[in-house]
Amino acid sequence: MSNINLETTVGGIPLSTCVYNASGPRTGASQALAKIAASSAGAVLTKSATLEKQNGNPLPRVWHADDSKASMNSEGLPNSGIDYYIASATIDETMGEVSGTTTKPYFVSISGKTLADNLDMLDRIAKKIDSGEKRIVSVELNLACPNVIGKPIIAYDYDQLRDILETISEKKYTFPLGLKMPPYLDGKQLQLAAAIINEYSDMVRYVVCINTIGNALSVDPVSEAPYISSNGGLAGLSGPAAKYTALANVRQMRQHLKEEIDVVGVGGIETGEDVFLFLLCGATAVQVGTTHWIEGAKCFDRIVKELKDVLKEKGYSSSSEVVGKLKPWSKEGAKKSRLAKKAKPPPKRTAKEAGTLTEFFANMFMMAVILWLLIDKYVPKPVTKADLDEM
Ligand code: RRO
């Protein structure tokens, strides 16, 4: 057993491992949340809740690229309503399989249709915690859902962003608040968002970067139409295709936010090595969304193991040692990387590639047999001495 320490804190909340789930896939009901709780994930985060239960956008509303490099969704916030996610019965069902007497931190995500809805949900959560439900440790306020048809992504509107934070700050909630942010594709825009958040550093304890990249479009060449039915096919892009934007947002948020505000990374994480990259860029923890969607909750065990292996191989004894330690580009670093690449054994062929190769050789063999039979049948053989003797 490796003794690599993956403990961390998110907004002051201790987590046993720095990897947990993103809000979204497989987070809508206690049965799915229980699988996360029973895995190596360091915390459990719910699907973004609205005030009332809702079904979301019409199907089909998700799409996965054949090469697994991208996914899209236009779920439209299907969820069971805030009262379900904060009910003690739901949390009991979620934490049922967690061993020992302590439970994992339970984070609630909210995404109100209006500021009034968000305030109402925050009030309900505060009341629930005050009544003794201490397993709810924090609220992740989603300011970045790209799929509410007809509504812009909140955190792209700086006046609205400030207004929301100002109004919530007046309520003086005591639980730690996190913000789920959209991707910013321009440095100045990200800086502006960070500057507004910094004004509320006594309230905002962490930011989560990034939500899906909004308003992407996947087109089916057969039907000549979008794969996703609602909103003209426009949807949030996730998976490996989003990883580089996510890393850049984590890195820049870390540079521009006040030190006391943690950054949580999310976007395209498939492996332990991906987590390592997010830690280098300044994340104290990461969330896994699309991989959890595709692979199920067992991905947390795999990713945690892979992260420990990566850290061990590189000589680190904890994940926290790496946080924010991204180095500047250097000639020495690039040379080291080139040498490492040369020394690496060639990548193993995937089962698909190996299958293709086997198929190729089988076809070649068949062609050779057919050719041999044809030659035998139609090409005249040279007359031998034995043939002449027979004549
Ligand atoms: O439910 C969704 O459509 C959804 C949400 Br709330 C979100 O925050 N991000 C996303 O890609 N989809």
Side-chain angles (χ1 to χ4, degrees), residues 22-25 27 45 47-51 54 56-57 61-63 70-79 109-119 121 139-168 177-197 200 204 206-218 226 228 230-239 241-250 252-253 256-257 263-268 287 289-290:
S23 176
T27 53
L45 169 63
K47 170 73 186 166
S48 291
T50 48
L51 201 49
Q54 59 178 45
N57 293 339
R61 57 193 186 189
V62 301
W63 170 82
S71 293
M72 283 187 205
N73 86 86
S74 179
E75 298 263 29
L77 269 158
N79 77 95
S109 171
I110 64 168
S111 187
K113 288 181 191 164
T114 61
L115 175 54
D117 280 8
N118 276 327
L119 290 173
M121 288 193 278
V139 175
E140 184 183 291
L141 174 63
N142 186 356
L143 299 176
C145 177
N147 299 329
V148 183
I149 297 170
K151 291 226 172 181
I153 293 169
I154 295 172
Y156 287 155
D157 176 344
Y158 299 112
D159 291 339
Q160 204 185 349
L161 175 62
R162 182 178 276 107
D163 189 38
I164 288 174
L165 297 182
E166 179 60 32
T167 311
I168 296 174
L177 185 74
L179 304 179
K180 177 85 172 267
M181 302 302 287
Y184 293 96
L185 304 182
D186 175 82
K188 193 77 203 159
Q189 286 174 357
L190 183 140
Q191 269 183 52
L192 279 170
I196 295 169
I197 295 168
Y200 299 92
V204 178
Y206 61 97
V207 300
V208 182
C209 297
I210 55 170
N211 206 313
T212 52
I213 302 174
N215 299 298
L217 182 65
S218 55
I228 287 175
S230 56
N231 202 21
L234 298 180
L237 171 65
S238 66
K243 186 173 84 177
Y244 305 96
T245 304
L247 282 168
N249 273 248
V250 166
Q252 293 171 88
M253 275 293 180
H256 296 296
L257 286 175
V263 179
V264 175
V266 52
Q287 299 177 348
T290 302

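As a basis for the values below, the full set of heavy atoms in this structure was taken, side chains included, without hydrogen atoms, waters or symmetry mates.
Proximity of a side-chain donor or acceptor of Gln54 to a complementary backbone N or O of Leu77 within less than 3.5 Å is detected. Of the possible polar contacts, none joining the Asn211 side chain to the Lys180 backbone as a donor-acceptor pair under 3.5 Å is found. Asn249 places no side-chain N or O within donor-acceptor distance of the main-chain N or O of Ile210, the cut-off being under 3.5 Å. Side-chain atoms of Ser23 come within 3.5 Å of backbone N or O of Ser48 as a donor-acceptor pair. Using a distance-only test at 3.5 Å, with no hydrogens or angles considered, no donor-acceptor pair links the side chain of Asn215 to the main chain of Leu234.
Atom CG of residue Leu190 and atom SG of residue Cys209 lie 7.0 Å apart, to the nearest 0.5 angstrom. The CG atom of Leu141 lies 7.5 Å from the OG atom of Ser111; values are rounded to the nearest 0.5 Å. Distance OH/Tyr206 to CG/Leu179: 8.5 Å, rounded to 0.5 Å. To the nearest 0.5 Å, the span separating CZ on Arg61 from CD1 on Ile228 amounts to 10.5 Å. For the atom pair CD1 (Ile196) and CD (Gln191), the distance works out to 12.0 Å, reported to the nearest 0.5 Å.
Residues satisfying the side-chain contact (heavy atoms from CB on, under 4.5 Å) criterion with Glu166, sequence neighbours excluded, are Ser169, Glu170, Tyr200. Not a single salt bridge (charged side-chain N to carboxylate O under 4.0 Å, His left out) links Glu140 to another residue, sequence neighbours left out. A search for ring pair (Phe, Tyr, Trp, His ring centres under 6.0 Å) contacts involving Tyr184 returns Tyr156, not counting sequence neighbours.
Side-chain contact check for Lys47 versus Pro78: some heavy-atom pair is nearer than 4.5 Å. You'll find the side chain of Lys113 stays beyond 4.5 Å of the side chain of Val148, heavy atoms only. Residues Asn57 and Asn231 have side chains not in contact (no heavy-atom distance under 4.5 Å, counting atoms from C-beta outward). Considering only heavy atoms from C-beta on, Pro152 stays 4.5 Å or farther from Asp157 through its side chain.
Taking all atoms of both residues into account, the shortest heavy-atom contact from Ile197 to Met181 is CD1-CE, 3.7 Å. Counting all heavy atoms, side chain and backbone alike, Gly232 lies closest to Leu217 at O-CD1, 3.5 Å. Taking both residues in full, the closest heavy atoms of Ala22 and Val266 are given as CB-CG2, 3.9 Å, listed atom of the first, atom of the second, then distance. Shortest non-hydrogen contact noted between Asn147 and Ser74 is ND2-CA, 3.4 Å. Between Leu143 and Ile153, the shortest heavy-atom distance links the atoms O-CG2, 3.9 Å. Closest approach of Ala194 and His256 over heavy atoms only: CB-CB, 3.7 Å.
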- Message: Between Thr27 and Leu45, does the side-chain contact (heavy atoms from CB on, under 4.5 Å) criterion hold? Intermediate values first, please.
- Response: CA-CA 7 Å; Thr27 53; Leu45 169 63; 5.9 Å; no

- Message: Apply side-chain contact (heavy atoms from CB on, under 4.5 Å) to residues Ile154 and Leu161 and explain how you reach the verdict.
- Response: CA-CA 7 Å; Ile154 295 172; Leu161 175 62; 5.5 Å; no

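A side chain to side chain contact (heavy atoms under 4.5 Å, CB included) with Leu51 holds for exactly one of Ile110, Asp117, Asn118, Thr114; it is Asp117. Shown are Asp163, Leu165, Ile164; of these, the side chain to side chain contact (heavy atoms under 4.5 Å, CB included) with Thr167 is made only by Asp163.
Counting only N and O atoms by type, the side chains of Thr290 and Ser238 include a donor and acceptor under 3.5 Å apart.
Annotation: Tyr244, atom OH; neighbour count of heavy atoms from other residues, nucleotides and ligands within 6.0 Å does not exceed 12.
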